[in-house]
2 protein chains.
Amino acid sequence: MQYPEPLAKLIDSYMRLPGIGHKTAIRLAYFTVGMNKDDVKNFADALVSTKDKLKFCSICGNLTEEDPCEICRDPNRDRSKILVVEQSKDVMVMEQMKNYKGLYHVLHGVLSPIEGKGPEELNIKSLIKRLQKNESVNEVIIATNATPEGEATAMYLSKLIKPAGIKVTRLAHGLSVGSDIEYADNMTLYRAIKGRTQM
Amino acid sequence: MQYPEPLAKLIDSYMRLPGIGHKTAIRLAYFTVGMNKDDVKNFADALVSTKDKLKFCSICGNLTEEDPCEICRDPNRDRSKILVVEQSKDVMVMEQMKNYKGLYHVLHGVLSPIEGKGPEELNIKSLIKRLQKNESVNEVIIATNATPEGEATAMYLSKLIKPAGIKVTRLAHGLSVGSDIEYADNMTLYRAIKGRTQM
């Protein structure tokens, strides 16, 4: 006996999501059968409208319903700073901190020779155009991840932007707040020592 | 800044699934944005049709597109045996073993005084009716889980069915095939000793 067809298709769809294997997909599909009908409909609608209604902001590359995005449109943001992140979701993480009031730029990835991702595959050209057009920007904060690819991308951007006389900064690396030195890895400790500040 | 509305709704929908927390829901929602448009549409369609097209078989209670279900309709199944399981998904697990050719009955749960689940809340009445109507059934195999609730439900069913002169059996409990005695828990070992078979 096979799974009833709609269920088999749903299991297949769940399995396409990252981190969800066959057994979990089956569990989720059977759970869906027991869900409230409205909840299932809302879920299906949200899937379709996420794909249909969201686009990338033509200025910063962030995900948005309206172009330009909420942040690029907001007259109260500090237009002298652009914070560069790898992915749209990093923008939300920064926003949840509620302490950064400048603008953003989303690269949609990092330089990765292994995956064949060069500067042309990233949203870099539009960043350079923004800097050329907009003289009020005096600092570019690079917030790529602390991975080898993220570091390489940060270095590449810094070499590209610095000659134009714009300050380029990088997020501090060091110990997480609340963490034990005992459990920190060597590289983090090294960066924490190197980046030590005067008290 | 808030998440764009379709994304916020999608995160909320993902979070309603079991075992998916806030961070995972965010990750899945952003992953959805990057998915192929057809895949997203198929996912949404599968969700809706799983909910709309599937119903419970009026005979055995299994999930099906057509009533009665494929197994109840199949003239080649052994109609002298009914295997009783807790959930529809357990039917598929049994079917994948490919060694049982009898019929099924799905209880849709187990007796659980804590959750207020008594015999009326389970699909038991229709099982008794099946046994009364169908004189060819000579064995009911109870395959509820090896949990306290599953055991109690098995005991309850056995007391209900046995007086009618029908053989009631329970799945064997013992060591998993391929497992080490060293790692077996006390209860499993006890059941393995108690249920030992002659060689």
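A note on names: the letters A, B, ... follow the listed sequences, proteins ahead of strands, and every chain is numbered from 1.
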Bottom line for A:Phe31: the part with an atom under 4.5 Å from chain B's heavy atoms is side chain

Bottom line for A:Leu47: the part with an atom under 4.5 Å from chain B's heavy atoms is both

Can you measure from [atom1] ([X]) to [atom2] ([Y]) and round to the nearest 0.5 angstrom?
X        : Y       : atom1 : atom2 : answer
B:Leu28  : B:Met35 : CG    : CE    : 10.0 Å
A:Leu63  : A:Met92 : CG    : CE    : 11.0 Å
B:Leu103 : B:Cys57 : CG    : SG    : 10.0 Å

_The test is side-chain contact (heavy atoms from CB on, under 4.5 Å); show your working for B:Leu175 and B:Leu189 and say whether it passes._
CA-CA 7 Å; B:Leu175 299 163; B:Leu189 271 181; 4.1 Å; yes

Members sharing B:Ile59's hydrophobic cluster, built from side-chain contacts under 4.5 Å between Ile, Leu, Val, Met, Phe, Trp and Tyr, are none

- [ ] List the steps and the verdict of side-chain contact (heavy atoms from CB on, under 4.5 Å) for B:Val85 and B:Leu107.
- [x] CA-CA 6 Å; B:Val85 293; B:Leu107 295 177; over 6 Å; no

Given A:Pro6, A:Gly19, A:Ala8, A:Gly34, the one with more heavy-atom pairs under 4.5 angstrom with chain B than any other is A:Pro6

Note: vs chain B, highest number of non-hydrogen pairs under 4.5 angstrom among A:Ile26, A:Val48, A:Leu54 is A:Leu54

Any side-chain heavy-atom pair from A:Leu157 and A:Leu127 closer than 4.5 angstrom?
yes

B:Val106 vs B:Val91 side-chain heavy atoms within contact, under 4.5 Å: yes

Counting backbone as well as side chains, what donor-acceptor pairs lie under 3.5 Å between chain B and chain A?
| from | atom 1 | to | atom 2 | distance (Å) |
| --- | --- | --- | --- | --- |
| B:Pro6 | O | A:Thr50 | OG1 | 3.3 |
| B:Arg16 | NH1 | A:Asp39 | OD2 | 3.4 |
| B:Val33 | O | A:Lys51 | NZ | 2.6 |
| B:Met35 | O | A:Lys51 | NZ | 2.5 |
| B:Lys37 | NZ | A:Asp52 | OD1 | 3.3 |
| B:Asp39 | OD2 | A:Arg16 | NH1 | 3.4 |
| B:Thr50 | OG1 | A:Pro6 | O | 3.3 |
| B:Lys51 | NZ | A:Val33 | O | 2.6 |
| B:Lys51 | NZ | A:Met35 | O | 2.5 |
| B:Asp52 | OD1 | A:Lys37 | NZ | 3.3 |

